[in-house]
Asks: 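Here you go, one structure.
When a residue number appears, it is its place in the shown sequence, counting from 1.
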Amino acid sequence: MAKKKEVYKVKPLNENKRNIIAALIDEYDIETADDIQEALKDLLGSTIKSMMEAEMDEHLGYGSYERSEGREPGDNYRNGTKKKNIRSSYGEFQVDVPQDRNSTFEPQIVKKHQKDISEIDQKIISMYARGLTTRQISEQIEEIYGFECSESFISDVTDKILQDIDDWRNRPLDEIYPIMFIDAVHFSVREDNRIKKLAAYVILAITIDGRKDVISLQIGENESSKYWLGVLNELKNRGVKDVMIICADGLTGIKEAIGTAFPDTEYQRCIVHQVRNTLKYVPYKDKKAFATDLKTIYLAPSEEQGRAQLERVTEKWETKYPNAMKSWSQNWDVISPIFKFSNDVRKVIYTTNAIESLNSTYKKLNRQRSVFPSDKALLKSLYLSTLQATKKWYLPLRNWGKVYGELTIMYEGRIPS
């Protein structure tokens, strides 16, 4: 059974509220929900007009129906009104903005040149991007602005970005990417009164000019070669023709999918994940020494020497931790491509700093929310967090000139020199 949508509970009416509602029904001849919307629009416009008049009274020092004693010919005074269209959450309406002779009046309720007062929507979306739940946002709106927003209203506001998400996830991509990283972050999501684990799969690409770009964000449950082939073919349908290197953890079916979708692409097993998975078998007392030994493998100057170090490290620790090094031998074919490259290229690939910083942003969502109410809620949060994280991504990677120069030689004819 689907989770029942939470609705705002109307508080009991007091005598004052009853009188106001009765007056509104009589004044606006309210019969439908649309009539209520139009009434609210008119009331908002009238309230803004009244507040502007009060601001003008303060500015001039006297009210609109008062005479200013001793006013000199050159003194400032009211000079009619100017019509202004204003956009709000209730739609667009027109107000008469009071003017003064000296044009020194600066209204505060709706400032000069301001035409949109629906920024509350953006405030809500911004808080959602930081991982706050609809209930937390509702509480903050009431605390800051002094009025209540139901959780369902906040959900409706954030739903406005779903079309933006769809457009973003289907935007055209570059034809060629030198490097791509694929990684997964796991979240708990509620479905049919039970909690399930879902993976958010992110693909971060390095462009030809060395800049980072998140080109895919998917929420999935079961990894398989068929699933990953669908993801990679989607990239092709959006314009990608070639990728030099794809770096990923041991995601189920990823190797086979890459071989089918991009047969000339180098698949590099993520070294950071490989090390982490190995150290899971090692207690704290030996972790530092073990990690130091692992470095001798992936930092070796050649594949031959790397293989020799693999055998040495395996022999050293096998008796104590027999399962720790098995995956290195089993996956050597997708670990060893790194030895083809110089240290500059290796650092870009094996450190995975590019995607780790992005993942740290996603992991903050887990600290804010232990469980997401739906797949849609998770997707909205991930998208908004991605926008937040990528705002400062305007510089190329460090030493990208050297890296790109080596890649153009390595993959001659496949990427521009």
Side-chain angles (χ1 to χ4, degrees), residues 173-174 176-185 199-208 210-218 220 223 225 227-229 231-232 235-236 240 242-278 294-295 297-300 303 306 327-328 330-360 362 386 389-390 393 396-400 402-404 406-408 410-411 414-415:
L173 300 176
D174 295 349
I176 299 170
Y177 288 100
I179 305 172
M180 278 185 190
F181 298 94
I182 303 177
D183 205 0
V185 182
Y201 298 111
V202 58
I203 301 181
L204 184 147
I206 308 298
T207 64
I208 283 176
R211 288 173 171 79
K212 297 180 288 184
D213 186 17
V214 177
I215 61 172
S216 178
L217 189 58
Q218 306 277 349
E223 299 171 13
S225 55
Y227 172 80
W228 284 114
L229 184 58
V231 171
L232 296 177
L235 298 183
K236 294 174 72 174
V240 180
D242 200 2
V243 185
M244 306 304 110
I245 304 166
I246 291 181
C247 184
D249 191 15
L251 303 167
T252 304
I254 188 69
K255 179 182 175 182
E256 294 77 11
I258 292 173
T260 301
F262 297 104
D264 295 326
T265 296
E266 199 88 67
Y267 168 44
Q268 172 65 55
R269 184 75 173 256
C270 176
I271 299 296
V272 170
H273 284 96
Q274 182 68 29
V275 171
R276 286 176 184 167
N277 293 337
T278 302
L294 291 177
K295 283 184 180 180
I297 301 173
Y298 61 84
L299 294 182
E303 182 180 354
S327 66
W328 287 81
Q330 293 169 353
N331 297 298
W332 187 251
D333 62 323
V334 290
I335 293 173
S336 58
I338 201 169
F339 296 111
K340 298 178 182 179
F341 306 106
S342 69
N343 287 333
D344 289 325
V345 178
R346 289 193 200 186
K347 284 179 182 177
V348 174
I349 296 173
Y350 75 68
T351 59
T352 65
N353 286 338
I355 203 163
E356 288 296 325
S357 63
L358 182 64
N359 282 346
S360 67
Y362 295 151
T386 301
T390 57
W393 287 5
L397 297 181
R398 185 178 298 177
N399 292 327
W400 180 249
K402 291 181 180 179
V403 172
Y404 188 66
E406 181 175 330
L407 294 179
T408 56
M410 181 76 70
Y411 302 105
R414 289 174 59 191
I415 54 177

Asks: Test side chain to side chain contact (heavy atoms under 4.5 Å, CB included) on Ile245 and Leu407; report intermediate values, then the result.
Replies: CA-CA 10 Å; Ile245 304 166; Leu407 294 179; 4.1 Å; yes
Asks: By side-chain contact (heavy atoms from CB on, under 4.5 Å), which residues pair with Thr252, not counting sequence neighbours?
Replies: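 Listed in chain order: Glu223.
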Asks: Is there a side-chain contact between Ile271 and Ile349 in this structure, where contact means two heavy atoms from C-beta onward sitting under 4.5 Å apart?
Replies: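 No, their side chains stay 4.5 Å or more apart.
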Asks: Going by side-chain hydrogen bond (donor to acceptor under 3.5 Å, both in side chains), name the residues that satisfy it together with Asp174, two or more places apart in sequence or in a different chain.
Replies: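 Result, side-chain hydrogen bond (donor to acceptor under 3.5 Å, both in side chains) vs Asp174: none returned.
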Asks: Can you list the steps and then say if Phe181 with Leu358 is a side chain to side chain contact (heavy atoms under 4.5 Å, CB included)?
Replies: CA-CA 11 Å; Phe181 298 94; Leu358 182 64; over 6 Å; no
Asks: Determine yes or no for a side-chain-to-main-chain donor-acceptor pair under 3.5 angstrom, with Gln268 supplying the side chain and Ala248 the backbone.
Replies: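 Side chain of Gln268 to backbone of Ala248, a donor-acceptor pair under 3.5 Å: no, none is there.
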Asks: Checking Lys295 now: which residues fulfil salt bridge (charged side-chain N to carboxylate O under 4.0 Å, His left out) with it, not counting sequence neighbours?
Replies: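 Lys295 satisfies salt bridge (charged side-chain N to carboxylate O under 4.0 Å, His left out) with no residue once adjacent residues are dropped.
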Asks: Applying ring-ring contact (aromatic ring centres under 6.0 Å, His included), can you list everything that pairs with Trp328, at least two apart in sequence or on another chain?
Replies: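 With neighbours one apart ignored, the set is empty.
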Asks: Test of understanding: with ring-ring contact (aromatic ring centres under 6.0 Å, His included), list the residues that count as partners of Tyr362, not counting sequence neighbours.
Replies: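 Checked Tyr362 against ring-ring contact (aromatic ring centres under 6.0 Å, His included); zero matches.
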Asks: Go through the structure and list residues passing salt bridge (charged side-chain N to carboxylate O under 4.0 Å, His left out) with Asp333, not counting sequence neighbours.
Replies: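 Asp333 satisfies salt bridge (charged side-chain N to carboxylate O under 4.0 Å, His left out) with Lys255 only.
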Asks: Hey, what do you get for CD1 (Ile338) to CD (Glu266), rounding to the nearest 0.5 Å?
Replies: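 The CD atom of Glu266 is 11.0 Å from CD1 of Ile338, to the nearest 0.5 Å.
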Asks: For Asp213, what residues pass the side-chain hydrogen bond (donor to acceptor under 3.5 Å, both in side chains) criterion, not counting sequence neighbours?
Replies: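 Partners of Asp213 by the side-chain hydrogen bond (donor to acceptor under 3.5 Å, both in side chains) criterion, ordered by chain and then number, come out as Arg171.
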Asks: Where the side chain of Gln274 meets the backbone of Arg269, is there a donor-acceptor pair that is under 3.5 Å apart?
Replies: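 Absent.
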Asks: Going by the rule side-chain contact (heavy atoms from CB on, under 4.5 Å), which residues pair with Ala261 if we only count those two or more places apart in sequence or in a different chain?
Replies: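 With sequence neighbours excluded, Ala261 shows a side-chain contact (heavy atoms from CB on, under 4.5 Å) to Leu229, Leu232, Asn233, Lys236, given in chain and number order.
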Asks: Report the residues that fulfil side-chain contact (heavy atoms from CB on, under 4.5 Å) with Thr390, sequence neighbours left out, ordered by chain and then residue number.
Replies: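 Once residues adjacent in sequence are excluded, the partners of Thr390 under the side-chain contact (heavy atoms from CB on, under 4.5 Å) criterion are Val214, Thr386, Trp393.
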Asks: Among all residues two or more places apart in sequence or in another chain, which pass the side-chain hydrogen bond (donor to acceptor under 3.5 Å, both in side chains) test with Thr207?
Replies: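 If we apply the side-chain hydrogen bond (donor to acceptor under 3.5 Å, both in side chains) test to Thr207, skipping adjacent residues, the hits are Asp209.
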Asks: For the residue pair Phe262 and Tyr177, is the inter-centroid distance of their aromatic rings smaller than 6.0 Å?
Replies: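 So the answer is no for these two rings.
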Asks: Has the side chain of Arg346 got a donor or acceptor atom that lies under 3.5 Å from a matching backbone atom of Phe341?
Replies: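 Yes, because the side chain of Arg346 sits within donor-acceptor range (under 3.5 Å) of the backbone of Phe341.
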Asks: For the CZ atom on Arg276, are there more than 12 heavy atoms of other groups (residues, nucleotides or ligands in this structure) within a distance under 6.0 Å?
Replies: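 Buried by this count: over 12 neighbours within 6.0 Å.
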Asks: Which heavy atom of Ala205 sits nearest to which heavy atom of Ile215, and what is that distance?
Replies: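 Smallest heavy-atom distance, with atoms named: CB-CD1, 3.9 Å.
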Asks: Report the distance from atom CG of Leu299 to atom CG of Asn343, rounding to the nearest 0.5 Å.
Replies: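 Reported value, rounded in 0.5 Å steps: 7.5 Å.
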Asks: Just to verify, what does Thr260 make a side-chain hydrogen bond (donor to acceptor under 3.5 Å, both in side chains) with, not counting sequence neighbours?
Replies: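 Thr260 satisfies side-chain hydrogen bond (donor to acceptor under 3.5 Å, both in side chains) with no other residue.
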Asks: Please check this pair: side chain of Ser216 against backbone of Ile203, looking for a donor-acceptor N/O pair closer than 3.5 Å.
Replies: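 Not confirmed, Ser216 side chain does not pair with Ile203 backbone.
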Asks: Quick one: pull up CG in Leu204 and CE in Met180 and give me the separation to the nearest 0.5 Å.
Replies: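 Between Leu204 CG and Met180 CE, I get 10.0 Å after rounding to 0.5 Å.
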Asks: Among all residues two or more places apart in sequence or in another chain, which pass the side-chain contact (heavy atoms from CB on, under 4.5 Å) test with Ser336?
Replies: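 Ser336: side-chain contact (heavy atoms from CB on, under 4.5 Å) contacts with Glu303, Trp332, Phe339.
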Asks: State, yes or no, whether a side-chain contact exists between Tyr298 and Val275 at a heavy-atom distance under 4.5 Å.
Replies: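 Tyr298 reaches Val275 side chain to side chain.
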